[in-house]
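Along the sequence shown, residues are numbered consecutively beginning with 1. Quick caveat, the model's predicted, so the values are computed rather than measured.
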Amino acid sequence: MEEARVVDIKDGTTAVASAFPGHQQAVLDKDHKFLAKAVEEAYHGVDCGDGGPFGAIVVCNDEVLVSCHNMVLKNTDPTAHAEVTAIREACKKLGKIELSDCEIYASCEPCPMCFGAIHLSRIKRLVYGAKAEAAISIGFDDFIADALRGTGFYQKANLEIKQAVGSGAVIAEQVFQKTKEKFQMY
């Protein structure tokens, strides 16, 4: 079995490549090809008026499984981001809720909702193009940059968050214990 080696350490991120020559370039070429498709999808979504300039593709075994763009305006749905839409379509196509054998390519750094969806779907790899600041600079309200960088500069949330107390909290917690035998995720 080949031994992996560290090829780049930058901004706290470590990239690892296998030892055989050309592997790192092959991965970069593959990433560029699929990321370009996600960017094309972002342009397409804006051209048809479906939503903001965001695109995402889900890849399985080096083949594009689904290619989606932001559908917020078309669907009148604030959750219809490109990544969420791509995950929904990939799950439908594969008939399962976990995508652990898939990768996702996004034209922009995912927002917290999209990152959460990527995590919950068990996608094994995320590659994104633009940083969140590119979207923020044209008016998108996103705070992933704050979460990742520990700053409060871009955060604009005006949401009160409160956990229920008393019997409301108790009955909500009981649903998990009362259904654990009937429902299993994986």
Connected hydrophobic set around V27, excluding itself, where side chains approach under 4.5 Å: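 Same cluster as V27: nobody, lone residue.
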Using links of under 4.5 Å between side-chain heavy atoms of ILVMFWY residues, direct or through other members, which residues join M113 in one cluster?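 Reading the cluster by chain and number, M113 sits alongside V84.
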So does K96 have more than 12 non-hydrogen atoms from other groups sitting under 6.0 Å from NZ?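 Yes, enclosed.
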Neighbour count >12 (heavy atoms, 6.0 Å) for atom CD, Q25: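 It does: Q25 CD has more than 12 such atoms within range.
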Which heavy atom of [X] sits nearest to which heavy atom of [Y], and what is that distance?
X    : Y    : answer
P53  : S107 : O-OG, 4.0 Å
A86  : V66  : O-CG2, 3.4 Å
E41  : S67  : OE1-OG, 2.7 Å
P110 : E83  : CA-OE2, 3.7 Å
K30  : Y105 : CE-OH, 3.3 Å
A132 : E109 : N-OE1, 2.7 Å

Could you walk me through whether H32 and L28 satisfy the side-chain contact (heavy atoms from CB on, under 4.5 Å) test, starting with their C-alpha distance in whole Å, then the side-chain angles of each, then the deciding distance to 0.1 Å, before giving a yes or no? CA-CA 6 Å; H32 178 77; L28 290 174; over 6 Å; no
Salt bridge (Lys or Arg N to Asp or Glu O under 4.0 Å) involving [X] - partner list, sequence neighbours excluded:
X    : result
D77  : R88
K178 : none
D47  : none

L99 and L126: same hydrophobic cluster, using ILVMFWY side-chain contacts below 4.5 Å?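 L99 and L126: one cluster.
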Considering only residues two or more places apart or on different chains, which pairs with a residue in residues 47-73 satisfy ring-ring contact (aromatic ring centres under 6.0 Å, His included)?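 Qualifying pairs: H44-H69, F54-F140.
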Just so I know, are the side chains of Q174 and V170 near enough to count as touching, which here means a heavy-atom distance under 4.5 Å?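 The answer is yes; the side chains approach within 4.5 Å.
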So do H81 and N70 actually touch side chain to side chain, heavy atoms under 4.5 Å?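 Side-chain contact under 4.5 Å: yes.
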Point-to-point distance, once rounded to the nearest 0.5 Å, from [atom1] of [X] to [atom2] of [Y]:
X    : Y    : atom1 : atom2 : answer
I123 : C102 : CD1   : SG    : 6.5 Å
L94  : E89  : CG    : CD    : 11.5 Å
T85  : I87  : OG1   : CD1   : 9.5 Å
E98  : C91  : CD    : SG    : 8.5 Å

Is any side-chain N of the basic residue among E40 and K37 closer than 4.0 Å to the acidic one's carboxylate O?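 Judged by the 4.0 Å cut-off on N to carboxylate O distance, E40 and K37 do not form a salt bridge.
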Any Lys/Arg nitrogen of D62 or K33 sitting under 4.0 Å from an Asp/Glu carboxylate oxygen of the other?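 No.
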In this structure, which one of V58, I57, V59 forms a side-chain contact (heavy atoms from CB on, under 4.5 Å) with L65?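 Output: one option passes, namely V58.
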